[in-house]
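Proteins get letters first, then strands, A, B, ... in listed order; numbering begins at 1 in each.
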Amino acid sequence: MPELPEVETIRRGLTSLVVGKTVTYVTVRLPRIIRFPSVPEFEERLVGRTIHAIHRRGKYLVFDMEPFTMISHLRMEGQYRVADRDEPLASHTHVIFGMSDGTELRYRDVRQFGTMDALADDEERPSGLVNLGPEPFDPVLTPNVFYTRLHSRSAPIKSVLLDQVCIAGLGNIYVDEALFLSGIHPLTKASRIGQGRCELLLGAIRNVLSRAIEAGGSSVRTYVNGYGRHGGFQMQLNVYARQGQPCFVCGQAIEKIKLGGRGTHFCPHCQARGGRRRNDN
DNA sequence: CATGGGTCCTGAGTGC
DNA sequence: TGCACTCAGGACCCAT
């Protein structure tokens, strides 16, 4: 489940691996991956283009292939790998970009949830990208701005943080981790969180994301970066997938509940409902 | 408009 | 051993 740290790690790897290379052919083996335009037009638009840069916005990879932009979302299990043309295809390889140097950029996605769009400058971005909230590290996202964004929402804080319109890039793992670090129960209504705790929460989000990027992301299920390597941050997770195991801070068993259809992990002591701080005893 | 539930998909895991 | 079933979840769609 690539979230911001995983997508950023992939972006950095792919930047070294394919920026400056020119696409000589595109093969789409699973049409459903391509959202816009049609598959033939997608292929036609990108052949002959050079990958000038790869950016990230939220969990989207944005390939600058002037005069087109290729926008790729990995969803649950999308992976990019660079391989020599004559290497056998891994299973579930759905899109192949042939490169001028004899290599291929290959997109693999067991769950088939990922999407790609090839857009001209004047074409509308996918709605998910247009409506994306601020980047977690953007300086315009001050504690006060963050507080205002949360204060208008009555849903549980976990659901609001997963909403990419509120803040971009967070997924199930890092939301649970950030809420643990800030001592907030995931069911707490977003509007009930005061300014001080919002500032704490924003700090926790930035802290966990930056440490995860430094560790190359978390490999909880199937995530690998552009070099096929696993991340290391799963070793530092405090609550995610640790249900039944003792909290590293207080020793109580981590609980798992279902919230909005998502597995939600928290420490019932450090994240007590009603806002007790994690260091209170 | 905000919210919550269903949907897509396949492989791993579980229980009988 | 085999089979049916459940689970994993990001973004989108839709009903309320």
Side-chain angles (χ1 to χ4, degrees), chain A residues 1-8 10-11 28-36 56-62 71-80 89-95 107-117 124-133 135-136 148-179 186-193 205 209 212 217-224 230-231 234 237 239-244 254-266:
Chain A
M1 46 215 77
E3 305 179 32
L4 189 153
E6 290 75 30
V7 177
E8 177 60 23
I10 291 165
R11 186 196 71 78
V28 176
R29 306 173 79 232
L30 183 69
R32 61 175 297 132
I33 300 291
I34 311 303
R35 285 201 302 193
F36 181 87
R56 180 192 56 75
R57 179 77 175 94
K59 301 173 195 169
Y60 291 85
L61 285 168
V62 179
I71 295 165
S72 171
H73 197 300
L74 307 171
R75 292 290 180 95
M76 299 302 302
E77 300 192 2
Q79 301 176 351
Y80 278 104
L89 279 188
S91 58
H92 307 289
T93 299
H94 303 315
V95 184
Y107 180 74
R108 178 171 184 263
D109 187 347
V110 171
R111 306 283 273 285
Q112 308 181 11
F113 279 2
T115 61
M116 294 182 194
D117 296 83
E124 194 183 341
R125 271 36 191 167
S127 63
L129 192 46
V130 170
N131 297 323
L132 213 52
E135 287 291 320
T148 305
R149 296 181 80 85
L150 295 185
H151 198 65
S152 61
R153 305 287 297 267
S154 64
I157 182 63
K158 161 126 187 188
S159 305
V160 174
L161 293 178
L162 283 175
D163 181 357
Q164 304 297 299
V165 176
C166 176
I167 181 170
L170 295 177
N172 209 38
I173 297 174
Y174 297 109
V175 166
D176 282 4
E177 292 299 314
L179 288 175
L187 283 170
T188 309
K189 286 185 180 213
S191 57
R192 297 282 297 274
I193 299 174
I205 289 168
L209 291 180
S218 302
S219 289
V220 171
R221 283 176 55 84
T222 58
Y223 161 76
V224 291
H230 292 267
Q234 64 277 8
L237 296 176
V239 288
Y240 187 84
R242 292 199 64 245
Q243 59 270 26
I254 301 301
E255 285 184 16
K256 180 178 181 182
I257 59 172
K258 210 82 168 174
L259 201 170
R262 302 289 170 256
T264 299
H265 315 76
F266 65 99

Using whole Å, report how far NE2 of His73(A) lies from P of dC12(C). 8 Å

Which of Glu135(A), Glu6(A), Glu3(A) passes salt bridge (Lys or Arg N to Asp or Glu O under 4.0 Å) with Arg56(A)? Answer is Glu135(A)

For the pair Tyr107(A) and His94(A), name the ring-plane relationship: parallel under 30°, tilted 30 to 60°, perpendicular over 60°. tilted

Does a nitrogen or oxygen in the side chain of Tyr240(A) sit under 4.0 Å from OP1 or OP2 of dG9(C)? yes

Phe113(A) over dA11(C), stacked by centroid distance under 5.5 Å, angle under 30°: no

Counting the atoms with a prime plus P, OP1 and OP2 as sugar-phosphate, which does Gly128(A) contact under 4.0 Å by heavy atoms, base, sugar-phosphate, or nothing? sugar-phosphate

Listed nucleotide nearest any side-chain atom of Tyr60(A), set dG10(C), dC12(C), dC8(B): dC12(C)

Round to a whole Å and report the spacing from CG of Leu161(A) to P of dG10(C). 13 Å

Is any side-chain N or O of Arg75(A) under 3.5 Å from a base N or O of dG9(C), one able to act as donor and the other as acceptor? no

In whole angstroms, the gap separating P of dA8(C) from CG of Leu162(A) amounts to 14 Å

Please give, in whole Å, the distance from dG5(B) P to Lys258(A) NZ? 12 Å

Look at the side chain of Gln112(A) and decide which nucleotide, out of dT10(B), dG9(C), dT3(B), has an atom nearest to it. dT10(B)

Nucleotide dG9(C), atom P - distance to NZ of Lys158(A) in whole Å: 7 Å

It should be established whether Thr115(A) places a side-chain nitrogen or oxygen under 4.0 Å from OP1 or OP2 of nucleotide dA11(C). no

To the closest 0.5 Å, what do you measure between CG (Asn172(A)) and NZ (Lys158(A))? 3.5 Å

Nearest whole Å is fine: how far is dG5(B) C1' from Arg262(A) CZ? 10 Å

What's the closest nucleotide to the side chain of His92(A) if the choices are dT3(B), dG11(B), dG9(C)? dG11(B)

Distance, nearest 0.5 Å, that separates CG of Leu132(A) from SG of Cys166(A): 11.0 Å

Any side-chain to backbone donor/acceptor pair from Arg29(A) onto Thr93(A)? Under 3.5 Å, distance only. yes

Can you tell which of dT3(B), dG9(C), dG11(B) lies closest to the side chain of Ser154(A)? dT3(B)

Tell me whether Arg125(A) is salt-bridged to Asp117(A), with the criterion being a basic N under 4.0 Å from an acidic carboxylate O. no

Reading DNA chain B from 5' onward, which residue's closest nucleotide shows up sooner: Val110(A) or Ser159(A)? Ser159(A)

Send over the distance from Glu3(A) CD to dA11(C) C1', rounded to a whole Å. 14 Å

Of the listed dC8(B), dG4(B), dT3(B), the closest approach to the Pro156(A) side chain comes from dG4(B)

With no angle test and no hydrogens, is the base of dA8(C) tied to the side chain of Arg111(A) by a donor-acceptor pair under 3.5 Å? yes

Distance below 4.0 Å between Lys189(A) side-chain N/O and dT3(B) OP1 or OP2: no

Taking CG from Asn131(A) and P from dG10(C), how many angstroms apart are they, rounded to a whole number? 18 Å

Please determine whether a side-chain nitrogen or oxygen atom of Lys59(A) lies at a distance below 4.0 Å from atom OP1 or OP2 of dA11(C). yes

